[in-house]
Student: 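If you scroll down you'll find the structure; I have some questions about it.
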Protein chains: 2
Amino acid sequence: MEPKTYTHDEIIAMLREHGINPTAQRVEIARELFSRKGHYSAEDVFALVNNDQTQVSKATVYNTLGLFAEKRLIRQLIVDPTKVFYDPNMVPHHHFYDVVTGKLTDIDANDVRITGLPALPPGAQMEGVDVIIRMRQANPTAG
Amino acid sequence: MEPKTYTHDEIIAMLREHGINPTAQRVEIARELFSRKGHYSAEDVFALVNNDQTQVSKATVYNTLGLFAEKRLIRQLIVDPTKVFYDPNMVPHHHFYDVVTGKLTDIDANDVRITGLPALPPGAQMEGVDVIIRMRQANPTAG
DNA sequence: CTCCTAACTTATAATCGGTCTAAATCTATG
DNA sequence: CATAGATTTAGACCGATTATAAGTTAGGAG
């Protein structure tokens with residue numbers, strides 16, 4: 001959870017461990033994701049990696065996030081009706097989602113127990129379990 | 001679960017009970033949804049209500065589904081990265097989601113127990129809890 | 001080195017679900 | 001019938017994502 005800093009080599013090792021060829025752009029995107037540990041849309045990532053130091057195209061950002069998710073380096077969150085979020089935190093956890101602001105908050109999965117789920121259909125392989133608690137702040141600043 | 005048929009008047013009563021003015025288009029959309037009880041995208045509904053008998057515009061379909069969800073006549077499912085699904089089944093339940101085909105399957109919530117969830121942030125009001133089990137059929141027809 | 005190939009990145013066009021807009025229609029009421 | 005408010009509509013528009021096709025890069029063979 002705490003924003004650990006990763007060295008260039010550590011990032012490269014992470015990618016390799018997940019079967020990802022560590023190109024400059026992929027390392028840069030991974031660095032941004034893992035140096036912050038939040039919830040990012042592709043547009044967010046695109047903004048993060050395009051600055052004075054680095055330039056990465058939009059197509060590469062989308063491709064790379066998809067690749068990372070496929071290789072299980074990060075997790076895809078389908079929670080907002082308009083866009084996908086990506087979560088570099090691979091420790092099992094769930095989410096609060098504020099339906100007004102779109103803000104996501106982690107829920108530690110350690111304490112959460114889900115029992116009584118039926119078996120998967122025959123031949124099916126589990127990809128993941130998403131638990132999303134949708135909530136709304138009781139108009140805090142309404143007047 | 002079993003596809004009960006609703007009379008025109010029953011549909012109108014349902015809408016009124018949820019504070020929805022029962023216009024012709026809304027009744028038609030509700031009839032299609034409740035006569036089948038599945039999981040529908042807006043495009044699905046648009047196709048269902050546009051036939052020899054009836055014509056409803058795309059804008060009205062989107063507006064009406066949004067209204068129905070807001071009034072809790074149906075439930076919005078955010079589970080597919082590309083589009084929203086609507087579920088006329090308001091009995092609490094969860095979903096299997098086949099990440100390849102996009103097919104949704106109901107999971108009866110009666111047996112499912114979720115414990116250990118933290119309290120909502122102060123002032124927050126729960127909108128709903130979504131449990132989605134993402135799975136993949138082990139390539140049944142690959143060759 | 002230089003060539004070659006495969007992997008990768010890029011700019012840009014295209015797609016697609018969904019929303020917006022402004023006009024038309026409907027409905028209830030006086 | 002006139003009016004106002006709610007609703008519907010066609011079509012323009014938007015924003016997230018994907019597709020396309022060309023350009024770049026890295027590494028091995030000669």
Side-chain angles (χ1 to χ4, degrees), chain A residues 8 11-12 15-16 18-32 39-51 53-71 73-74 76-87 99-100 102 104, chain B residues 11-12 15-16 18-32 39-51 53-71 73-74 76-87 97 99-100 102 104:
Chain A
H8 192 255
I11 296 280
I12 287 177
L15 296 183
R16 289 230 168 88
H18 288 264
I20 299 163
N21 187 12
T23 66
Q25 291 86 343
R26 289 169 182 173
V27 170
E28 183 55 29
I29 290 170
R31 188 213 302 288
E32 288 294 347
H39 307 97
Y40 303 97
S41 69
E43 286 299 317
D44 293 339
V45 175
F46 179 75
L48 287 173
V49 296
N50 282 285
N51 51 52
Q53 326 296 325
T54 59
Q55 295 286 308
V56 183
S57 75
K58 189 187 286 198
T60 296
V61 170
Y62 277 93
N63 289 341
T64 300
L65 291 172
L67 177 69
F68 284 5
E70 181 196 322
K71 298 292 191 179
L73 180 64
I74 63 178
Q76 211 181 30
L77 300 181
I78 316 284
V79 67
D80 181 300
T82 68
K83 56 178 169 253
V84 172
F85 283 93
Y86 294 91
D87 188 344
V99 297
V100 176
L104 281 163
Chain B
I11 295 282
I12 288 178
L15 296 183
R16 288 229 168 89
H18 288 263
I20 299 163
N21 189 12
T23 67
Q25 290 86 344
R26 289 169 183 173
V27 170
E28 185 55 28
I29 290 170
R31 187 215 302 288
E32 289 293 346
H39 307 99
Y40 302 98
S41 70
E43 286 300 316
D44 294 338
V45 174
F46 181 75
L48 287 172
V49 297
N50 282 285
N51 51 51
Q53 327 296 324
T54 58
Q55 296 287 305
V56 182
S57 74
K58 188 165 79 142
T60 296
V61 169
Y62 277 92
N63 289 340
T64 300
L65 291 172
L67 177 68
F68 284 5
E70 180 196 324
K71 298 292 190 178
L73 180 63
I74 63 179
Q76 210 181 28
L77 300 181
I78 316 283
V79 67
D80 182 300
T82 70
K83 55 180 169 251
V84 172
F85 283 93
Y86 294 91
D87 188 344
Y97 176 70
V99 298
V100 176
L104 280 163

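Note that these values count all heavy atoms, side chains included, but never hydrogens, waters or copies made by symmetry. To find a chain, count down the sequence lines: A is the first, B the second, and so on, and within it residues start at 1.
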Student: Send over the distance from A:D44 CG to D:dT17 P, rounded to a whole Å.
Tutor: 10 Å
Student: Nearest to the side chain of A:K83, heavy atoms from C-beta on, is which of D:dT17, D:dT7, C:dA11?
Tutor: D:dT17
Student: Expressed as a whole number of angstroms, how long is the span from A:I78:CD1 to D:dA16:P?
Tutor: 15 Å
Student: Regarding A:D44 and A:S41, do their side chains bring together a donor and an acceptor under 3.5 Å, going by distance alone?
Tutor: yes
Student: Please give, in whole Å, the distance from C:dC8 C1' to A:L15 CG?
Tutor: 14 Å
Student: By nearest nucleotide on DNA chain D, pick out whichever of A:A42 and B:Q55 is the more 5' one.
Tutor: B:Q55
Student: Counting heavy atoms from C-beta on, name the nucleotide in D:dA19, D:dA6, D:dT9 closest to the side chain of B:N21.
Tutor: D:dA6
Student: Starting at CD1 of A:I12 and ending at C1' of D:dA26, how long is that distance when rounded to a whole Å?
Tutor: 14 Å
Student: Rounded to the Å, how far apart are A:L65 CG and C:dT9 C1'?
Tutor: 15 Å
Student: OP1 or OP2 of D:dT9 less than 4.0 angstrom from a side-chain nitrogen or oxygen of B:T60, does that happen here?
Tutor: yes
Student: Look at the side chain of A:K58 and decide which nucleotide, out of D:dT8, C:dT19, D:dT17, has an atom nearest to it.
Tutor: D:dT17
Student: Evaluate the side-chain proximity of A:Y40 to A:L48: yes if any heavy-atom separation is below 4.5 Å, no if none is.
Tutor: yes
Student: Choosing from D:dT17, D:dA10, C:dT10, which nucleotide comes nearest the side chain of A:A59?
Tutor: C:dT10
Student: Can you tell me the distance, in whole Å, between the CG atom of A:N63 and the C1' atom of D:dT17?
Tutor: 10 Å
Student: Before you tell me yes or no, could you show the steps for A:R26 and A:F68 under side chain to side chain contact (heavy atoms under 4.5 Å, CB included), namely the whole-Å CA-CA distance, both residues' side-chain angles and the distance that decides it to 0.1 Å?
Tutor: CA-CA 9 Å; A:R26 289 169 182 173; A:F68 284 5; 4.1 Å; yes
Student: Please pick, from D:dT17, C:dT19, D:dT8, the nucleotide with the shortest atom-to-atom distance to any side-chain atom of B:R26.
Tutor: D:dT8
Student: For C:dG17, does OP1 or OP2 lie under 4.0 Å from any side-chain N or O of B:S41?
Tutor: no
Student: Would you say A:V79 and B:I78 make side-chain contact, with heavy atoms under 4.5 Å?
Tutor: no
Student: Which nucleotide sits closest to the side chain of B:Y62: D:dT9, C:dG17, C:dT10?
Tutor: C:dG17
Student: Using atom CG of A:L67 as one end and atom P of D:dT17 as the other, report the distance to the nearest whole Å.
Tutor: 17 Å
Student: Is there a side-chain contact between A:E32 and A:V45 (heavy atoms, below 4.5 Å)?
Tutor: no
Student: Map B:T82 and B:A24 onto DNA chain D by nearest heavy atom, then report which one ends up closer to the 5' terminus.
Tutor: B:A24
Student: Take the protein atom CD of A:E43 and the nucleotide atom P of D:dT18, then report the distance between them rounded to whole Å.
Tutor: 12 Å
Student: Among C:dT9, D:dT7, D:dA19, which nucleotide has an atom closest to any side-chain atom of A:Q25?
Tutor: C:dT9
